Structures are given as structure tokens and as C-alpha cells.
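Here is the structure we will look at, set down as C-alpha cells.
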Amino acid sequence: MPHSTPLCQIYLDANATTQVHPEAAKAALSTMQDVFGNPSSSHISGLKAKNLMTKARNAAKKHLGNGDGKLIFTSGATEGIQTAIISALVAAKSKMKPNKKYCLLYGATEHKAVPESLKHWNELLGINADIKAIPVCNNGELDTGFIAREVQHALIICTMAVNNETGVYQDLAKLEDAIRANNPTVFWMVDCVQALGKRALQLEQTSIDYAPFSGHKLYAPKGIGLLYVREHAPFTPFIAGGGQENGLRSGTENLPGMAAFKVIFDMLNGESRYRFANNETLNQYRSQILGALTHAFPNLVLNHSLENTVATTINFSVPNFSSKEIMDLFDAANIRVSSGSACSSKVTRSFVLDAMGLSTWQSESAIRMSFGPMMTQDECDQACQRITQAAAALKHSCLIQSDEIEAAPLNGLMELKSGNSCCWLLTDGPSNQAVIIDPLPELIERIESIVNCQQLTIKAILDTHGHADHQSSRSTLINKLNLAETQCHLGWPNQSEQTLIQGERYPSISIGTQTLVKVATPGHTADSVSYLLFPTISTATSHCQYAFCGDTILMGSLGRTNFDCSSAEEMYFSLNKLASLLSADTLICASHDYFNEFATTLTHECSRTPLLKQVMDNSISVTDFIAEKSLLDAHLMDQAGCEIQCGAYVAVDNSLSIKEYDKLGFESLMKTNSDAKLIDIREPHEYALNRSNKAEINVPLTRLVQFLSENIHNKQQQYILVCRSGTRSLLVAQAMGRLGFENIGHLQGGYAMN
Ligand code: PLP
């Protein structure tokens, strides 16, 4: 899809993988075309291929200083790790004494390929040793005291030269002392994947038995790797077959990969006219990038020291931003970074930072920027410029406070979420007045930033009830925002106004020209209230736009009523009360959103919560309601078997048919249907950094409920939703579909694929 400002990608995820060096790619291609013989063939084509293989191996040997040790080509480091572990364990097994306890040791921050392989082969080979993680200290260095104590019982010890998440390197000489002083014969594997090209290695001069390498981490293609095996170290082939690699690793060789890897080793050996940046230059790049980062995010925290890390990795966290948010932001700025390791991108925290004892927030917010020795000054300058632009976009949307950058004006409802809990910020643009409902502890800084940056006048900070799952952060927020403390129930001002609705007076406060009414809705808890927003002062004629019902009506369920302070009977009457005050289009904004539904309506809830429908239809007695509700509360489990804190669960219907467009389908729709509206649902900072010419409307998830409310009377309008990868757009499409929007589609794969 066309972008108004096409930006080239700045790739800062080299520890996950690298692009192939153009010369390496050339070598691979010419090998495929010209040196395609099978090295096992004895004709001239075969001999040429064999010659290339020997040259590649020699180039690698020269750089790695492996002396008489073997250097075996593999498909990558994971294979090298398996081979090393099998070789060591098969040999160790034959010498195990009965009734003696053995262990397998690995560094706690090791790549998952290591502990997982240890576990797998320990079981499969029937060794059944204890598998123990060697702890690391705060700076990521292995605890040599632990090694000294445990290694005497070890069959293998696995450590890494450089960590893939933090760039922390180990002092291999110190490790060697600790290992060999206590167990001269234990097999020692060092994962050298992230050290290649960044740390000098002279393998023969060490007692390392096995060292795996991987081509794709240093500009060679995926599918080529190496395993160093010390002379006389035991070896068991992992792949048997035609006897290639002297019988050590069968399978027809990956010659193009080897040719490409050779180019890289020639560069490392200084035997190419192409050069990698030296360490001093890489250090300068790191300083420059760090400078840009700390200027852009003044309270950024570095997750490692600069002393014991390679220059090419920076791992940091920004307080109050999750890794996902920063990644989305950088992706919009066309900077590719990762959260923790790419192999575990679904996991939201870093086991490496956890092992280093860093705080939970650092682990959950960690971002890794990594580059390689092909980095140029121009790329580094551009990266810094983009980091500055990305931070400016955050400042514009008030997520970082700034005196220099003007904030985008705010009007209407904003939803802020932490996990599955929701906090609502209701603002009236013209008067700059605002109310905060159910402030969550994790969101205090974010709310503070928005309120200050928008210069909002806070009329009230309210809770819908005393929450069972968290402490209200009302008082903290009052202090932070320098507001006068009001000793009042759930934050409702003592001296509020009164509003007459259907002949009954309700306490109310005005927010600009809008009226927020408080209605007691006990049931879930005795103190539960609902706040209803009426857009005009004359509530007699206007309908309720939003109902903040706390946990009384949740999406897909009713709030649980099995706390000591609950009453199903009172809930029955509260539901009736709400039914009389809400209209069909009132959007119910709950305190929880377990399944990304954003908001709901009474009509929609009645269609899937039979008990609610019975109350609305007056077809159930209070006694029967109490009995049915107690049955529902007995099954407060979600699909994962976890207890849902606040409401009785009803499965979400995701079977709606959402139109999914690919690039061609989308383009043809845009040509033929001028009425279809394209909505970019990324956050405003992502939209500002990188927007499609065609998406004139930006409706971020935080503003979706406001958008739904403004368009709830036009459910026939065709909308096509687009986001970064197609995940958020699908969620929103499903949510809109459930609320009865009839013509919703989304762009499959988002901007990333189109
Ligand atoms: N070890 C480390 C330290 C790594 O970073 C990686 C790749 O992420 C691996 C092992 C696995 O390497 P490969 O992708 O070549 O199997």
C-alpha cells in the first residue's frame, strides 16, 4: 500500500538474524549456478565443489583458531547444539557409576536451544541426571562459585560466549578456571553464536570441547552453521546417512551456504576487499544510538552494563511502556527492533532479565536493539533521527510529557487498559474538563501525563466499586495531580448537583455541557454504582451515551455475586434499574474486557446472556435469578482454566464472518466502492509516523468506543480496518461485527504484508 512518506527500513535486530551480505549472496548464487556439483562425486564438477568446501572450512579454521579440532558444517547452531550434547552425553553415559548423582549444567541465560536439548536428550538417552541452571549475577555473569560447587557432579556444562538478548559476554578464561579446577574432564560446550565477528576466539587455546556457530547471525544465509569439536573430544553423529563430512554429519552439503560463509570468514580474516566496522567504530555507533535514545526517552533504563557487553547490543526499558508498545512505535518509524529474543516473541517477559534479577517492569518492557559490523555511519545517523521522530510522536499524543511539542487535542471518551482491566477517561474538549473512572495503579503515570499535557481540569476521579482485584489508585492520582482530596464515597464529590430522570432525582456532575449521573447498582458488591453519561443537560429528552457499570454487566457475563459483600438479589433490582435508564444504543463500558470486546449494549448482552435477558423480559423471579446466578458463579473459569475474577463467563462468539481482504481484493474494492471507509486503527503516534494515503481516519483502540458511539446509528456503512499486522484490525472487526455493524472488513496482514 502506498505510504505518504516511504521510509527505508532501519534494521536493528541483527541478533535475531541478519541480511545476507551482497558479496555472500553473490557467492551463493554463483555456486548454485556454476559450482553445483556434489562434493562426493569424483568427476570434475564434484572436485570443484569439494575444493570450495575445503576453502570455506579453511577460512573458518583460520578465524576460529581451532588447531587440530574438527570443524563440521551443520544447518545452524541448533543442530550444532544437539550434536554437541548428544556426543557428550553418549560418552558420559558409558562412564556413569551406579547410584551416583549426576547433573547437567547450563547458564540460566542460555538460548532455549540449550536447556531444551539437554532436557530432551537426558530423557531420551535414559541418563536422568538433574538439570541445573547456573545462576547469573546482576550484570549477567555466571556464578563461578556455583560452578565450582556443582561441576564435579556434572556430565556436561553448557555456557555461552555472548548473550543474544543483552550482549553480555562471559569471561571464558575465568569460567575455564572454575570448571577445570574442579572437574578437568567434564565436557564443556560454549555457544559461540553471538560471539562470531564480535569477540576474538582462539578455540585451540582453550579447553572448550564443543562450540556451535550459525551463519545467519553474521550476514551468511540461514541453513549454514558450524560445530567445532576439540581434538579427542567424543563425537556421535546426529545425522547418519551417506557419510558426508567424514561420516560426522551426513546429507548432501549446503555448498551455496558454505560459499557465502566463506565470504564472511574472508572478511573476518582481512582477506577481502570488503571490511566490517571495527570495534571502536561499533562502540561509537552504540554511544550515538544510546545518546539518541536517552534524549528521546529521558527516563529510559539500560538493562545491562556497558562494561561487559558487546558494542552491538543495547537492551533497555522505558518506564510505563510495554515492549509491545515500543515495538509498534518503532515499527511505524520503520525501525525494526525486538522484545527479548525473537524465538520467544509470544512471551511477554524476558527470562534472561528475570535471571539477572531485574525488576518485573524492566523484564516486561525490555527492548533489544542489535546491529552488526556492517552498520554504516549513515544508517546509524538515520536510526538516531527516527528514534527522535518516534519519541516526538509519543509526545504529540501525550504519552510522554514535553514542553516543546504541542499535544493533539482530546475530546470524548478514551479507554486505557492494563491487562484485562479498563480505566476510562472522559473529556470534554471545549471546556477541557474531565472525569477519570476506575483508575488502575499501572496506569497512574500514563494518566498523569495525559492530564498534564492536555491541561485537563479534573472534575472527579471515580471508582465504580471497591475492586477485589486491585487497590484503587484514586488517592495516589489525586496527590500526583495536586487535586484537593475529597473524603467521599468512591470519589464522588460531596456537593454534587441533582438531575431528574424519569421523575427520580440522581446525583450528577457536569463535564462541560454533558452530565454524568450516579446510580446505585449494588449486587456485585454492596457499594457498586454505575455512572451514566448524558450528552446534554436536558436528560429528560436525551439518551444515555455511555454507562460505566463497573462489574455489574460485563461483556459476556454478569458480575459475580459470591463475595461476602455481594447480593444476587440486589443485582436483580440493579439490572432492572439500568434497563429503565439505558437505551438500546447506550454503550456499556465495563471495568473488565476479558476478550477484547471494548464495549457492549444491553441488546447485545441479552442476545448471549440468557439470565440477563430473562431479567429484562421480566420472565424470571428474584428467587430463580438468585439460584441461577449462584450456578453461574460456580463456574468462573475461562478457556485457559483460570478463574475470571469478576464475572461469570459466557463464551465469546468469534464465528462472525469478517471479510478479509488481501492486497488485490482491497485495491479493487477501493477502486470500485468509493463509499467504503478505510480506518487505520493503530495508535496516533504510529499513524503520525507512517500513514497510508488512503486511511484518512485514525481510530486507535483507545478511542474505538468513542467512534462506535458516534457511528452507532449507521451500521450499514462499509468500513475496512487496517493496522500494522492485521491482528488489531481483526479484533476490532469482530468487536464491531458483534455490535451489529454489518459491513466490516479488514486488511489481512496489515501494512506489514501489503
Ligand atoms: N544460540 C544463540 C545464542 C542464538 O542467538 C541462537 C539464535 O537465535 C541460537 C543458538 C540458534 O541458532 P540457529 O538459528 O542457527 O539454530
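Along the sequence shown, the residues carry numbers beginning at 1. Small disclaimer: the values here were computed from a predicted structure and weren't measured. Note that ligands are numbered from 1 as they come in the structure, with each ligand's atoms numbered from 1 the same way.
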- request: Look only at interatomic distance and state if Gln194 has a nitrogen or oxygen under 3.5 Å from any nitrogen or oxygen of ligand 1.
  value: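 Yes - when backbone and side-chain N and O of Gln194 are compared with those of ligand 1, one distance drops under 3.5 Å.
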query: Does any N or O atom in Val162 lie less than 3.5 angstrom from one in ligand 1, N or O only?
result: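 It does not: no N or O of Val162 is found under 3.5 Å from an N or O of ligand 1.
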message: Set out, in order, the CA-CA distance, both residues' side-chain angles and the distance that settles salt bridge (Lys or Arg N to Asp or Glu O under 4.0 Å) for Arg682 and Asp328, then state yes or no.
response: CA-CA 9 Å; Arg682 295 174 304 164; Asp328 287 350; over 6 Å; no
message: Under a 3.5 Å cutoff, is there a donor and acceptor pairing between the side chains of Gln9 and Arg336?
response: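 Indeed, the side chains of Gln9 and Arg336 share at least one donor-acceptor pair under 3.5 Å.
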message: Checking side-chain polar atoms at under 3.5 Å, does Thr166 have a donor or acceptor matched by the opposite partner on Arg368?
response: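 There is no such pair (donor and acceptor under 3.5 Å, judged by atom type) between the side chains of Thr166 and Arg368.
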field: Derivation and outcome, side chain to side chain donor-acceptor pair (under 3.5 Å), residues Gln33 and Ser30
entry: CA-CA 5 Å; Gln33 289 169 335; Ser30 80; over 6 Å; no
message: Heavy-atom distances under 4.0 Å decide this one: backbone, side chain, both or neither, for Lys217 against ligand 1?
response: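 Contact part for Lys217 vs ligand 1: side chain (C-beta onward).
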- prompt: Short list, please: which atoms of ligand 1 are under 4.0 Å from a heavy atom of Met160?
  reply: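 Reading through ligand 1 atom by atom, the close ones are 3 (C).
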- request: Considering the heavy atoms of Gly76, write down every atom of ligand 1 situated less than 4.0 Å from one of them.
  value: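 So the answer, numbered in order with elements, is 15 (O).
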- prompt: For ligand 1, is there an atom lying under 4.0 Å from some heavy atom of His216?
  reply: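 Contact present.
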field: Selected option - heavy-atom contact closest to atom 16 (O) of ligand 1, from Thr78, Asp191, Thr17
entry: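 Checking each option, the heavy atom nearest atom 16 (O) of ligand 1 is found in Thr78.
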message: Heavy atoms only: which of Ala113, Gly225, Ser214 lies closest to atom 15 (O) of ligand 1?
response: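 When every heavy atom of Ala113, Gly225, Ser214 is considered, Ser214 comes closest to atom 15 (O) of ligand 1.
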Residue pairs involving residues 119-135 (criterion salt bridge (Lys or Arg N to Asp or Glu O under 4.0 Å); sequence neighbours excluded):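 Salt bridge (Lys or Arg N to Asp or Glu O under 4.0 Å) check on residues 119-135 returns Lys101-Asp130, Glu116-Lys119, Lys132-Glu150.
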task: Report yes or no: does Asn308 contribute a side-chain atom to a donor-acceptor pair with the main-chain N or O of Asn139 at less than 3.5 Å?
output: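 Yes, because the side chain of Asn308 sits within donor-acceptor range (under 3.5 Å) of the backbone of Asn139.
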